There are 2 protein chains.
Amino acid sequence: MKNMREKILTVATQLFESRGIHASGVDTIIAESGVAKATLYKYFPSKNQLIIEYLREKSNRFYAWINEKLADKKGDSQEVLFELCNLYEQWITTPEFNGLPFHIGSVEFPDPAHPVHHYSVELSNELQHYLSELAAIAGIKDAQTLGQQLTIIFEGGAMIERLSPDSGAARRAKNAAITLIKASI
Amino acid sequence: MKNMREKILTVATQLFESRGIHASGVDTIIAESGVAKATLYKYFPSKNQLIIEYLREKSNRFYAWINEKLADKKGDSQEVLFELCNLYEQWITTPEFNGLPFHIGSVEFPDPAHPVHHYSVELSNELQHYLSELAAIAGIKDAQTLGQQLTIIFEGGAMIERLSPDSGAARRAKNAAITLIKASI
DNA sequence: TAACATTCAGACAGACCTGTTCGCTTTTTT
DNA sequence: AAAAAAGCGAACAGGTCTGTCTGAATGTTA
């Protein structure tokens, strides 16, 4: 087998998101993925590192997806921002969506000095920078402010959509974001 | 001693918020609070119940505080909503603020069937109902929508303010909320 | 087919988990 | 001051945690 690493990461991802990180022991991860313990520790030097790889992988997937979808819209004045809102709604209403991974990381490891918490904060900041840059490209004056406000709505909306899936949170978050964008033009 | 229960709850609260719930063992809680294990299990039949009492206590405190501050403003047309935004910013920028407790509960216990998760969702819904009713009293037409949108912003802002305390998230969340309120009048 | 690398199952260490039960001591009430 | 209640420390049960190591069984390459 060549994709041991991938298989382990896939199983770990499912377990982390369905049971939580602390509640998913290494023994469970190797049992579910049919892998020896030594193999896991060969590809991931520690559970912390496995968690961080999980966060990174999820983040990469998100940006790859949204950048592809947004590729032809960029620079198209404010249109890119409105399309972003649609994609956001689409993303968090997908059945596979289980909350933002870096929320799990930062909550389960509240100590700011912990590598998992630290990396989670980095990912949240990365999202903020991404959205701010998108706003800047779209010609928003105070792009920094709108970027962070969109981050706030997106993270809050993701949280509530996961807690109460059929409450309409995703659409209302999208609409709130649109209102904010229009107000900042 | 008469306030054993309170002491246990206080220590548990601090531990839950600084280390996380799963990472705070019963042994640690009793050691920090100088209480015998049997005493803890007399006041709280299980750790789950202790967690739920922690969530309830924190929630009660919040509503008591905000209702007191808002008492004279209620019914004062939209003024109550703007004051609410100020209080919100105040609340999450307090040094004692460590994130929304029901976020911790829902993330650390992702299984919807788990009592802690279930109660956490209840608390998030309660916040939403509270804000919706406030909006209704203030005369907002679609109070349900504004209520949930404010919830989204408040929860998202709380999250990011905790992750990046000095990024201005609290103020921008407040301003976003104000923009949304004005847009819905 | 022979040499090499990888993966396997499982034991092991040392620590921690929740919850129960035990006498013994302290505090409160009558 | 005597009786009742409450709390203490400590041990116990049965399980789980991360991480290391071993020898045997696979798989790959030459």
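No hydrogens, no waters, no symmetry mates; every other heavy atom, side chains included, goes into these values. As the structure is a computational prediction, the values presented were derived from the model and not from experiment. Numbers restart at 1 for each chain; the letters A, B, ... are given by sequence-line order, proteins then strands.
- With rounding to whole Å, B:K7 atom NZ is found 12 Å from D:dG7 atom C1'.
- When the nucleotides C:dC8, C:dT21, D:dT18 are ranked by their closest atom to the side chain of A:A38, C:dC8 comes out on top.
- The A:T28 side chain lies nearest to D:dC17 when the options are C:dT20, D:dC17, C:dC17.
- Nearest nucleotide to the side chain of B:K37, out of C:dC8, D:dG7, C:dT20: C:dT20.
- Atom pair B:R5:CZ and D:dA6:C1' shows a separation of 17 Å (rounding to whole Å applied).
- For A:F109 and A:H22, the gap between ring centers is short of 6.0 Å.
- For the pair A:K42 NZ and C:dC8 P, the interatomic distance rounds to 10 Å; values are reported in whole Å.
- Remark: the A:Q148 side chain and the B:S167 side chain contain an N/O donor-acceptor pair separated by less than 3.5 Å.
- Looking at A:E83 and A:K69, no side-chain N of the basic residue comes within less than 4.0 Å of a carboxylate O on the acidic one, giving no salt bridge.
- Atom CG of B:L40 is separated from atom P of D:dA6 by 16 Å (rounded to the nearest Å).
- The nearest whole Å value for the distance from the NE2 atom in B:H22 to the P atom in C:dC17 is 12 Å.
- As a whole-Å value, the separation of B:I30 CD1 from C:dC16 P is 14 Å.
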Under the rule of Watson-Crick or G-U wobble with both distances under 3.5 Å, where | means paired to another strand and [ ] a crossing pair, DNA chain D maps to |..|||||||||||||||||||||||||||
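- One can place CD of A:Q49 at 11 Å from P of D:dG19, the figure rounded to the nearest angstrom.
- Aromatic ring pairs are classed by plane angle as parallel below 30°, tilted from 30° to 60° and perpendicular above 60°; the pair A:W91 and A:W65 is tilted.
- Within residues 112-120 of chain B, no residue has a heavy atom under 4.0 Å from DNA chain D.
- Comparing D:dA11, D:dG7, D:dT18 by their closest approach to the side chain of A:V26 singles out D:dT18.
- Between the side chain of B:K47 and the base of C:dG19 there is no donor-acceptor pair of N/O atoms closer than 3.5 Å.
- A:S124 and A:E155 form a side-chain donor-acceptor contact under 3.5 Å, judged by distance and modelled atom types alone.
- The environment of CD in B:E133 is sparse: at most 12 heavy-atom neighbours from other residues, nucleotides or ligands sit within 6.0 Å.
- You'll find that the side chain of A:S46 is closest to D:dG19, out of C:dT7, D:dG19, C:dT18.
- Considering only side-chain N and O atoms, B:T39 lies nowhere under 4.0 angstrom from the phosphate OP1 or OP2 of D:dA6.
- Although no hydrogens or angles enter the test, the distance criterion places a donor-acceptor pair under 3.5 Å between the side chain of B:S106 and the main chain of B:F102.
- Between B:Y43 and D:dG7 there is a side-chain N or O to OP1 or OP2 distance below 4.0 Å.
- For A:S24 and A:R19, the side-chain atoms include no donor-acceptor pair closer than 3.5 Å.
- With no hydrogens or angles considered, a side-chain donor-acceptor pair links A:S164 and B:N125 at under 3.5 Å.
- Counting to the nearest Å, the C1' atom of C:dG19 and the CG atom of B:D27 are 10 Å from each other.
- Taking every heavy atom of both residues into account, B:Y54 and B:E17 meet most closely at OH-OE2, 2.9 Å.
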